[in-house]
2 protein chains.
Amino acid sequence: MHDGVPIGEAARASGVKVPTIRYYEQVGLLPEPPRTEGNRRLYGGRHLRRLAFIRHARELGFEVEAIRTLLDLQDNPGQSCSPADSIARLRLKDVEERIARLTALKAELQRMIDGCSHGTVADCRVIEVLADHGACASPTHR
Amino acid sequence: MHDGVPIGEAARASGVKVPTIRYYEQVGLLPEPPRTEGNRRLYGGRHLRRLAFIRHARELGFEVEAIRTLLDLQDNPGQSCSPADSIARLRLKDVEERIARLTALKAELQRMIDGCSHGTVADCRVIEVLADHGACASPTHR
DNA sequence: GCTACATCCTCTAGCGACTAGAGGAGCAAG
DNA sequence: CTTGCTCCTCTAGTCGCTAGAGGATGTAGC
């Protein structure tokens, strides 16, 4: 029965950097852990699990505000999960939109690069396309 | 022969917001235009073309620093275009990586959402997957 | 006990690319 | 001459951290 691990070990265990952990505490995602006599944070299993949750959610691109809501839901498991569901759906929609935009960008960049004759800037396709949107395939990127 | 348009019209013409145009001037992407007696900026064709260039480059996701280089190149058209080429290639690589990551995320989010039984949080798949990375298909997202 | 060194603490400031807002001046139309 | 729009400068805020200063605490070896 020990009373917890220091922040450095929590960082190693979770893959979240030490200052980031303190930042999560500061913005209220992670509750303040107990401290040692010497004022050092001691993280127990509950904190470590919450930290893992946060990290995973951040990896999936959820914003801090969304994670706050998701954590609230996790704390009250009797509620309907539809808020969680809709947060995830919104996130999915966002990801899909990004993919679509980036795919269009990719095509445009590829066209730019493929058309480059490796001469001087004067007849560089990259510069030309940037200067003249009309020379661009997709008028609606971004 | 007129001497230029005010910033609001430049904004409408370019699709760049007024404060953003001023910001570009501040960080040195857009040269300071002449002013009227009443101290208002007046943009001529040269400025508007440069603004369009910047906008298009930003839409393609180039960073301000990269755009600075690209504009320098455009100003000296006798040089080799290989710096422009390599900036564009780096950008393409970045876009490709993002697409790959987002595609993995999309799959994970989809799985989450599809598994959601729309009951309570207690057995919500969304919350569960976030809490337990082991339940996640791709351990290497992001 | 003493020294070295790692780890921890708080606090402030910086990143990129804007965006928002305060507080005021200029200008065109009625 | 007033209304209402556009414009000006300036500062501060956004997001999610990250870096660094300056100091306290903890641990291992001698």
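- On a pure distance criterion of 3.5 Å, a polar donor-acceptor pair joins the side chain of B/Arg40 and the base of D/dT6.
- In this structure, CZ of B/Arg22 is placed 13 Å from P of C/dT19, rounded to the nearest angstrom.
- Rounded to an integer number of Å, the gap from OH of B/Tyr23 to P of D/dT9 is 17 Å.
- When the nucleotides D/dG16, C/dC27, C/dT10 are ranked by their closest atom to the side chain of B/Thr36, C/dC27 comes out on top.
- Checking side-chain atoms of A/Arg55 against main-chain N and O of A/Glu59 turns up no donor-acceptor pair under 3.5 Å.
- In this structure, B/Glu37 places its CD atom 18 Å from C1' of D/dT6, rounding to the nearest Å.
- For B/Glu63 and C/dC18, the CD to C1' distance is 14 Å, given to the nearest whole Å.
- Following rounding to the nearest Å, A/Glu25 (CD) and C/dT10 (C1') show an atom-to-atom distance of 12 Å.
- Counting only heavy atoms from C-beta on, A/Asn39 has its side chain closest to C/dC9 among D/dT18, C/dA17, C/dC9.
- Taking the side chain of A/Tyr24 as heavy atoms from C-beta on, and the options D/dG26, D/dG16, D/dC17, the nearest nucleotide is D/dC17.
- A donor-acceptor pair under 3.5 Å is formed between the side chain of A/Arg68 and the backbone N or O of A/Val27.
- Atom P of nucleotide C/dG26 and atom CG of B/Leu42 are separated by 15 Å, given to the nearest angstrom.
- When rounded to the nearest whole Å, the span between NZ of A/Lys17 and P of D/dC17 equals 10 Å.
- Side-chain proximity of A/Arg35 to D/dC17, D/dC8, C/dC9: nearest is C/dC9.
- For the OP1/OP2 pair of D/dC17 and a distance below 4.0 Å, the side-chain nitrogens and oxygens of A/Arg55 include no atom meeting the criterion.
- Whole-Å rounding puts the A/Arg12 CZ to C/dA6 P distance at 13 Å.
- Put simply, the side chain of B/Asp85 reaches to within 4.5 Å of the side chain of B/Arg89, judged on heavy atoms.
- Comparing D/dC17, D/dG26, C/dT19 by their nearest atom to the side chain of B/Thr20 picks out C/dT19.
- More than 12 heavy atoms of other residues, nucleotides or ligands shown are found within 6.0 angstrom of CD on B/Glu96.
- Here OG of A/Ser86 is found 12.5 Å from CG of A/Leu92. Values are rounded to the nearest 0.5 Å.
- Taking the side chain of A/Pro6 as heavy atoms from C-beta on, and the options D/dC7, D/dG26, C/dC8, the nearest nucleotide is C/dC8.
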